[in-house]
Structure formats: C-alpha cells, structure tokens
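The first residue in the sequence is number 1, and the count goes up from there. Only this structure's heavy atoms are used, side chains among them; waters, hydrogens and symmetry mates stay out. Both counts, for ligands and for their atoms, begin at 1 and track the order of listing.
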Amino acid sequence: MKIARFSRVGFILAAAGSAVGLGNIWKFPYITGVNGGGAFVFAYLITVLMIGFTLMLAEMLIGYTGRKDSVTSFETLAPQQNSLWKYAGFMSLAGLFIMIFYAPVIGWTLHFIVLSAANLPSSVEMAKEHFNTLVSLDVGTQIFYHTLVFIFVTYVVAKGIKGGIEKLNYFLMPVLIVTMGSMFIYATSLDGFEKAWTFMFSPDWSKLTSASLVTAVGHAFFTLSLGMATIMTYSASLPKDSNLVRSSLIVIALDTGIALVAGLTLFTFLYEYGASPSAGPGLVFVSLPAVFYEMGSVGHLFAFVFFVALASAGLTSAVSLVEPVIQYLVDRYSFSRLKASLSAGLFFYLFGIIAILSISKEYGALFTFGSRNFFDWTDFVTASIMLPTGGLLMSLFVGHVMQEERVAKILKKQLGLFYPFWYFSLRYIVPLALVIVLLNLVGILEL
Ligand code: PHE
C-alpha cells in the first residue's frame, strides 16, 4: 500500500498545529492566572526546556524509526523478549479521551465566533450570564456545535495525512499566526502591557504549591502534545533523512512563543479594562468578551479575529488527537480511513455529549463522581496522569530498552556535542522527575 507522507514543511506545520491549540490560548492563560502568574510560568518553562525537548526528540525517534502506528512501532523496536512493550503504544487512546472535553470547547469557540459577529455582551455580568447559560443550561446549542466539530474533524482525518491534515495546517496555521501576532502588536501599545509583563515574568515563589507544580508539568506535556503518540504517529510519516532535532526545536519554539504571546495579549487587555486575570476556565469566554465590548469597534473586530484564531488552533490539534488511533486501526486491522475515522469520531462524539451533560445544571449530578464531574475528570486524568505516564514509558523505552546503536545512529550526528547530555537526561533525569510528579499526584488525589 502506498502511504502518503508529509512534506518537510508540512510536517513542521502539522506538528506545530498539533502543539499550538486550546492549550496555548485558552488553558495556559487561565491556569497561569489561577496559579498566580510568574512562578507558575517559570515552572512551566523549565519543564518545557528540560523535559519537553528531551522527550519530544524521543517520541519523534520512535515514530521515525518505527514507521508505523504507535503499537506496531513499539513492537518492532523492542527486543524480541520484550513483547509487552507494544502495549505502551496504547497511550494513543489518551487522544480520544482528551477529545471528550476538547471537542465541546472547540464548539464553544464556534459559538463565540457567531456571537462576536452579532453582538457582544456589554458587561462582565452579562458575559458571565451568557457563558453560564451556554454551559449549564443550553445543552442544545453545545451539542449543535459539537456535532459540527465532529463532522469537520472526521472529514479532515478521513482525507488522510497529506490530503487532509497537511492541507488543513497549511491553511489554518498562517491564519493563527497572523491573527495572534496582530493582536499582540496592538497590545504592546497599551498601558496594561507592562502590568501583564510583570504578572507573567516576576515570580512570587510563595504561590508555587506542589499542586501548581503538577499542573505545570501536566500542562507542559499537554501543550507540546507529548505522551500520547501524536508526535510519534506524525513522525512515522516524515520523509527519510529528516532532521529531528531541528524539527523539535522549531515546534517547541512556536508552541512556547504562541503561549507567551497569547498570555501577554490577554492579560494586557484584561488589565487595561480592570478585569481579573484569575477568572478560571471562563477567562476567554467571560472576561475577554466583555473587555472586547469595552474596546469599541476595534474590540468587535478583535473578538471575531480572536475566536477564529482559537477555533483554528483547536481544530488543528483536534485532528492530531484522533490520528494516532486511526493509524492504529488502519495499520493493524486494515480499516479503510473512512471507517477508522468514523469509529474514532463517534467515540469522542458520544462521550463528548456526556461531558456536555455533565456540566449542565439539569444532568450534572448524574455524571459527577466524587469531587469532579465527568468533563473535569477527563481533563484531569488525561493531562495530569496519562500524558506524564506516556512520557515516562517513552523515556524508559528509548533510554533503556531500545538498543543504543539505533538511537545513536540517528541522533548522534544531529545532536553533536549535546548527544551525551540528551541521552543522560532521557535515561535518568526525565524518568526521575516524572516519577516524582506522578507520586505527588497521589498526595493531591488524597486531598
Ligand atoms: N497540544 C494541544 C494543545 O495545546 C493539545 C494536544 C495534546 C494535542 C496532546 C495533541 C496531543 O491544545
């Protein structure tokens, strides 16, 4: 069977498109706000540099040398007596679980595109009411947009790596960069910019709790799309002789750059109009629309542009969340792409509806277990547990199970002098850090 591969630029755009998502523009600013700013940003940046880069390279390497779906790649790269390793490939399921809450949130962004074209709420109270009504009462509207997301994502992935995913990213990534970039430039001209800068880059260490540290690590994984075989699956379609080091650095730089730009822009707007940065998940859906209203006509334009950017970022990540499972179904069970896409799509579509119900007033209690509703559980279990676990498995696999010659053959030349540092970090530092994070989690769970 002939497999369509990414072009070099196509791969970088698709991997960056996967990394840059709701995580950067919706989640990063609000968790930074909730966790007190600077110290949290610092913890996140350190994790991205120390763990993120090391692991992204390892994940790319597995895909690039394995050349198949994640399960098969682990299977072929593990020495024969270690056949259990193939089960590590099932980390790809995390993507479908993430889509359970990710797709409904993309749905909200679509709703807000329409809203900002028509009429924005004129005060924070009204915006709050609007968002609460949407989320807790208006199940119908949410399901409507969720359905659109399901159809769109399924359509794109059914078209394949080249004709679907690469094309989508060629179109939406420039849209995202231009829109976010122009809002950022405008933000630098406002007085609030300085406050935003201070909030994000002057750490107050007393605000760094172990819970926020775990959130920072979980978020570093989430935002870089690490630990669930997305980067691995995309890398299986890399052209031969690709430079993995260069690709990972570009993807990480774009992802971190866009998160910081989004954070600074949003906080500038919020400070400029006296809104609080710590409004939680409603930050971009409540405080921001009200601020856009205050800004007058330029604000109305920005609102529209902003939600288009947010939706674009979300959609290019969404396709990457489902692709690993699709590749698995196609490679292992010879599903047609259409059938595989529909199966994966229906999974997140149906469970996504449950997530929507779980945050509604009427049905919420039915889908609340312990301290969290179903929606929050999927977010917590995937980002804080599954992705770091996937990362741990990959670091152990590439660092201790795969033969070193195989690793060195590809990466020694590309990393040059840094190779021994990278390998050491992969074998010891990253697993140790991840074990600590995961153990910490047990404490947090008990709270
Ligand atoms: N990185 C994406 C974001 O920041 C989410 C994602 C996670 C995508 C894991 C793929 C894999 O929104």
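- Ring geometry for Tyr349 versus His146: interplanar angle under 30°, hence parallel rather than tilted (30 to 60°).
- Checked against a 3.5 angstrom limit, the closest N/O atoms of Thr223 and ligand 1 fall inside it.
- Look at Arg332 and Glu75 and you find a salt bridge, because one of the NZ, NE, NH1 or NH2 atoms lies within 4.0 Å of a carboxylate O, short of that distance.
- Checking only distances, Leu321 never comes within under 3.5 Å of ligand 1, N or O to N or O.
- The backbone N or O of Phe369 sits nowhere less than 3.5 Å from a side-chain atom of Arg372 that would complete a donor-acceptor pair.
- The parts of Ser18 lying near ligand 1 are both backbone and side chain, judged by heavy-atom distances below 4.0 Å.
- For ligand 1, none of its N or O atoms has an N or O atom of Leu224 under 3.5 Å away.
- Distance alone, capped at 3.5 Å, places no donor-acceptor pair between the Asp255 side chain and the Val251 backbone.
- Using a cutoff of 4.0 Å between basic side-chain nitrogens and carboxylate oxygens, Arg5 and Glu166 are not scored as salt-bridged.
- Within the 4.0 Å heavy-atom criterion, the part of Met228 lying near ligand 1 is the side chain and not the backbone.
- When the heavy atoms of Phe221, Phe28, Tyr102 are ranked by distance to atom 12 (O) of ligand 1, first place goes to Tyr102.
- Taking a cut-off of under 4.0 Å to the non-hydrogen atoms of Thr230, the atoms of ligand 1 that pass are 10 (C), 11 (C).
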